[in-house]
There are 2 protein chains.
Amino acid sequence: MRLSTKGRYAVMAMADLATHEAGSRPVSLADIAERQEISLSYLEQLFAKLRRNGLVSSVRGPGGGYRLSRPSEEVRVADIIMAVDEPITATRCKPGSAKGCATQGARCITHDLWEELGRQIHVFLSSVSLADVVEKRVLGRAQLDLQSSEVPAQDGDSRAAA
Amino acid sequence: MRLSTKGRYAVMAMADLATHEAGSRPVSLADIAERQEISLSYLEQLFAKLRRNGLVSSVRGPGGGYRLSRPSEEVRVADIIMAVDEPITATRCKPGSAKGCATQGARCITHDLWEELGRQIHVFLSSVSLADVVEKRVLGRAQLDLQSSEVPAQDGDSRAAA
DNA sequence: AGATTTCCCGACTACTTCAGTCAAGAATTC
DNA sequence: GAATTCTTGACTGAAGTAGTCGGGAAATCT
C-alpha cells in the first residue's frame, strides 16, 4: 500500500462524488475540480484509473460525468488508493533485488516490521468506507488495542508527530 | 510521520547496531555499511541525524564507532524514523496553504481520515522497540481490533497489498 | 610527533517520481 | 453539426532519493 498525495486526491474526489451524487445525474469532473481545487487534467488521469478498476462508471456528452459503480458504503478507502497508486515495489524486498533486502539470500532484519506495518495500514484503510469519510466517521470502526505498552514515555515527544 | 526508504535504512542500521553491540566496543559505520549493503557516506548522513537526536553516541579514533544511547528496549522505531525524516508538511493541511486542504477556510473532507491514519501509524511504530525488531517480535504488541467489519470481502482482492 | 583510523560536515549530482500541463480525439446530446 | 464531456498519450518542471566526493577533526598507536 503506497501513500501519496495522488491517493489522497483520489479519495477527496471520490468523497466529493459520493456527496454530490444526488438523483440520477452524473457528476462532471469540472465540478469536482472546482470544488476540491484539483486541476481538471489531473482529475482525468485519476478517474481513468478509477474507471479501469471498476470503482466508477462514466457517462459522456452534455450532462455526462461520473457515477459511483457501487454504493458508497461498499467502497473501501483502500480500494481507491490501490486503484490510483502503482502496485509499488513492495518494500524493495524482492527475491531478485541485489540491494536493501534479501541480504545474503535471507530476508533483511526489518522485513517483518514493514510487512506488518503495511498490513496495519491496509486493515485500517479497508475498514473505512467512502460513506464513513463523507459522514466523518473515521474513528471507532477500527481501533488500535495496545496491550502492555512497556515503552516509557520519552522526553523528546515534543517533536512533530503524525 | 513520513515513510520513506531513508527511514527504513535508518531502522536497518540501528537494528544492526543493536545486534552487534556486544561488550563495550562501539560499532563502526564501515561494518554496518558492509553488512547491510548501505553506502558508507549515506550512513554517515543518517547517523549524523541520529546523533543530533540523541539516539546514538559516537566514539572517534581507531576502534571507534557508534553506540546506542539507550538500551534497545527503550528505543522506539518511531523515534528513529522521526530523527532521519524531515518534519513533513503534515498532509498539506496547513491553515495558510492555498490548495488541497483548507478549502473555503474549512478542513477538507478527508482531513480527519489522514489525521487518524497518521495517528494509527505513529501508535504502531511507537509500540515497537528496536529490541522487538531485532528479536523479530513485531506482531502481538499492537493488534488491530476490528469490530464488526461490515465491508464485504471484494472480488478484486488479488491486487498486491501491503 | 606522525601516521592511521574513525567520525564529521558540507557541497554536489544522477536519477526517479510526483504533480500537473498540453493537445488531440471520440462519444453523446441538443 | 456544434457543444459538451469523457479518453488518451505525450510531455515537463520541481522536488526528493540515494547517493558521491573531498576535505576536515579527534583519538589512538607506534
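Letters A, B, ... mirror the listed sequences (proteins, then strands); counts begin at 1. These numbers come from a predicted model, not from an experiment.
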May I have the distance from [X] (atom [atom1]) to [N] (atom [atom2]), rounded to whole angstrom?
X	N	atom1	atom2	answer
Leu43(B)	dC8(C)	CG	P	13 Å
Glu37(A)	dG20(C)	CD	C1'	15 Å
Ile81(B)	dT17(D)	CD1	P	13 Å
Arg25(B)	dC7(C)	CZ	P	12 Å
Phe47(B)	dC7(C)	CZ	C1'	12 Å
Lys49(A)	dC18(C)	NZ	C1'	11 Å
Leu29(A)	dT21(C)	CG	P	14 Å
Ile38(B)	dT20(D)	CD1	P	12 Å

5' precedence on DNA chain C between Glu44(B) and Leu40(A) (nearest-nucleotide basis):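 It is Glu44(B) whose nearest nucleotide is closer to the 5' end.
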
Let me know, please, whether Ser4(A) or Tyr66(B) comes out on the 5' side of the other along DNA chain C by nearest nucleotide.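 Between the two, 5'-proximity favours Tyr66(B).
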
Do Thr110(A) and Arg8(B) have side chains that get closer than 4.5 Å, going by heavy atoms? no

I want to check something: taking the side chain as every heavy atom from C-beta on, are Asn53(A) and Met82(A) in contact at a cut-off of under 4.5 Å?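 SC-SC contact between Asn53(A) and Met82(A) ruled out.
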
Polar atom pairs (N or O), protein with nucleotides 1-3 of chain C, under 3.5 Å:
none

Donor + acceptor pair across side chains of Asp132(A), Ser129(A) (<3.5 Å): yes

Does [N] have its OP1 or OP2 closer than 4.0 Å to a side-chain nitrogen or oxygen of [X]?
X	N	result
Ser58(B)	dC8(C)	yes
Ser28(A)	dC6(D)	no
Tyr42(B)	dT17(D)	no

Any donor-acceptor pair under 3.5 Å linking the side chain of Glu21(A) with the backbone of Pro26(A)? no

With distance as the sole test, does Ser28(A) use its side chain to make a donor-acceptor pair with the main-chain N or O of Gly65(A) at under 3.5 Å? no

Where do N or O atoms of nucleotides 25-30 of chain D meet protein N or O atoms at under 3.5 Å, pair by pair?
from: dA25(D); atom 1: N3; to: Arg60(B); atom 2: NH1; distance (Å): 3.4
from: dA26(D); atom 1: O4'; to: Arg60(B); atom 2: NH1; distance (Å): 3.0

Nearest-0.5 Å distance, [atom1] of residue [X] to [atom2] of residue [Y]:
X	Y	atom1	atom2	answer
Arg119(B)	Ile121(B)	CZ	CD1	12.0 Å
Leu29(B)	Glu44(B)	CG	CD	6.0 Å
Ile32(B)	Glu37(B)	CD1	CD	14.0 Å

Give Ser41(A) one of three labels, base, sugar-phosphate or nothing, depending on what nucleic acid heavy atoms sit under 4.0 Å from its own. base

Can you say whether the rings of Phe47(A) and Tyr66(A) are parallel (under 30°), tilted (30 to 60°) or perpendicular (over 60°)?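 Geometry flag for Tyr66(A) against Phe47(A): tilted rings.
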
Where is the tightest heavy-atom contact between Ile109(B) and Gln36(A), given as atom of each residue plus distance? CD1-NE2, 3.5 Å

Starting at the 5' end of DNA chain D, which residue's closest nucleotide do you reach first, Ala48(A) or Gly64(A)?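 Between the two, 5'-proximity favours Gly64(A).
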
Assert: residue with more 5' nearest nucleotide on DNA chain D, out of Gln45(B) and Arg51(A), is Arg51(A)

Side chain of Arg52(A): nearest nucleotide among dG20(C), dT8(D), dC6(D)?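 Per side-chain heavy atoms of Arg52(A), the pick is dT8(D).
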
